[in-house]
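Here is the structure we will look at.
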Amino acid sequence: MSDEHTPDATLGHGSSPPDSGGDHGGTAVRREGPLFGVLAEFDTPGELIEAASKVRAAGYTEFDCYSPFPVHGIDDAMGIKRTILPVIIFLGGLAGTAGGLLLQWWCNAYNWPWNISGKPAWSIPANIPIGFETTILLAVFTSFFGMWIANKLPQVWHPFFRAERFNHVTDDAFLLGIESRDRRFDGVATPKLLSDAGAISVERVHFDPDPAVRVMPKWITAFIVASTAFALIPFAIAAKARTSHSSEPHFHIFPDMDFQPKYKSDQAMDLFGDGRENRGEIAGTIARGSLNADDTFYRGIEHGTDGDHWTTSFPQQLEINENPVGAPSALDPLNHRR
């Protein structure tokens, strides 16, 4: 990576002219826009960490480090604070939990309640599975899109991409770049600081004067549009199905879900002689809580030594007093308040 013949030889400038074929020794000059910053290369990860600490101590804030693999300790050296993304993901998951439970409550207990076998229209245990799914769904969406937004992605163009040296950052280069918009940036002092920090080369990086290179490639735009269109197809099919009527049978995409091996209570069944699946009440059994064994209270029949006969008195469970029918009794709470 020799830089002896480039125009910025004093800075170790290593970018190639457009038509030089990658020859760092070429003298051709390409068009340059305004200065974006300086890019310095270091030999080892340790030197990169040390340089980041010196740059931070000098008061620079608009700088970043680039390496082919994560470098332990670089965050502390650069003064990078802990990301807020975990908090945002937690809030997204919490919103998914609340939204999933609220949706089920609104559908089942408020907007369209059904009495199914006397079960409550709303209960937390029965709604946990869907609440869990909506929690995971929104947490995953928050983490995915939050990461892209926090890192300002997708970024299809960056001034550092113009530097030939930057192409080695995915292989064996350890780079530190300082942007010219930093309030401490100086065209002379900043490169000298990086050189004194142990940089093996320092080069100036300029904006590309051609605005066309900053436009997102058309194939990326087409891919996003096509992906969005395909993602909307299931919703379009569902909307059409809800607004159309047909005498044709439904399509059974999952037949094992539509035709389960079971019998409903009022369905025909050849296994029994009467052809009915519902067997009715089984002799010698009674539903739990429905024994009603007190014949005097429930049926008005008393059993005696001389046989069964109708009762002539009130059951013991009833309290008899002298109040007329319909008048408040002594045990009536309203009577106490009077």
Side-chain angles (χ1 to χ4, degrees), residues 93-137 238 241-242 245-247 249-250 252-338:
L94 189 64
T97 303
L101 296 178
L102 180 62
L103 175 64
Q104 295 175 91
W105 171 84
W106 187 84
C107 293
N108 299 329
Y110 180 78
N111 185 58
W112 197 263
W114 278 71
N115 185 356
I116 302 177
S117 302
K119 298 176 182 178
W122 166 255
S123 64
I124 289 293
N127 296 276
I128 287 296
I130 293 181
F132 172 79
E133 295 295 339
T134 54
T135 300
I136 300 301
L137 179 65
R242 290 180 60 87
H245 303 278
S246 175
S247 60
H250 296 288
H252 299 283
I253 301 177
F254 302 102
D256 57 335
M257 296 287 290
D258 298 329
F259 305 101
Q260 300 180 12
K262 66 180 181 181
Y263 289 95
K264 297 183 178 180
S265 58
D266 297 326
Q267 187 174 348
M269 188 176 186
D270 298 334
L271 182 62
F272 301 104
D274 57 2
R276 300 176 57 189
E277 192 277 334
N278 190 343
R279 306 317 306 147
E281 297 182 1
I282 302 177
T285 64
I286 193 170
R288 186 185 298 273
S290 302
L291 182 58
N292 301 338
D294 191 339
D295 287 341
T296 303
F297 182 78
Y298 289 100
R299 301 172 183 83
I301 299 176
E302 291 185 357
H303 303 285
T305 56
D306 54 346
D308 299 339
H309 56 83
W310 295 108
T311 182
T312 56
S313 61
F314 289 100
Q316 297 179 357
Q317 292 87 336
L318 299 180
E319 179 182 354
I320 308 302
N321 52 47
E322 297 179 353
N323 294 331
V325 176
S329 64
L331 299 179
D332 188 356
L334 296 177
N335 190 43
H336 287 287
R337 288 198 290 268
R338 295 171 185 157

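Computed over heavy atoms, backbone and side chain alike; hydrogens, waters and symmetry mates excluded.
Distance alone, capped at 3.5 Å, places no donor-acceptor pair between the Glu277 side chain and the Met269 backbone. The backbone N or O of Gly100 sits less than 3.5 Å from a side-chain atom of Gln104, completing a donor-acceptor pair. Remark: side-chain polar atoms of Thr134 are paired, donor with acceptor, to backbone N or O of Gly131 under 3.5 angstrom.
With a 4.5 Å cut-off on side-chain heavy atoms, Asn108 and Trp114 do not count as touching. Counting only heavy atoms from C-beta outward, the side chains of Ile124 and Trp122 approach each other to under 4.5 Å. Between Ile301 and His303, some side-chain heavy-atom pair lies under the 4.5 Å cut-off.
Taking OG1 of Thr97 as the start and CD1 of Ile128 as the end, the distance is 8.5 Å to the nearest 0.5 Å. One finds the CZ atom of Phe132 at 11.5 Å from the CG atom of Leu137 (value rounded to the nearest 0.5 Å).
Under a cut-off of 6.0 angstrom, the local environment of CG in Asp274 is crowded, with over 12 non-hydrogen atoms contributed by other residues, nucleotides or ligands. The number of heavy-atom neighbours closer than 6.0 Å to OH of Tyr110, taken from other residues, nucleotides and ligands shown, is 12 or below.
Listed here is the closest heavy atom pair of Arg299 and Asn292: NH1-O, 3.2 Å. The two residues Ser123 and Pro120 come nearest to each other via the heavy atoms CB-CG, 4.3 Å. Here the closest heavy-atom approach between residue Thr311 and residue Glu302 is recorded as OG1-OE2, 2.6 Å.
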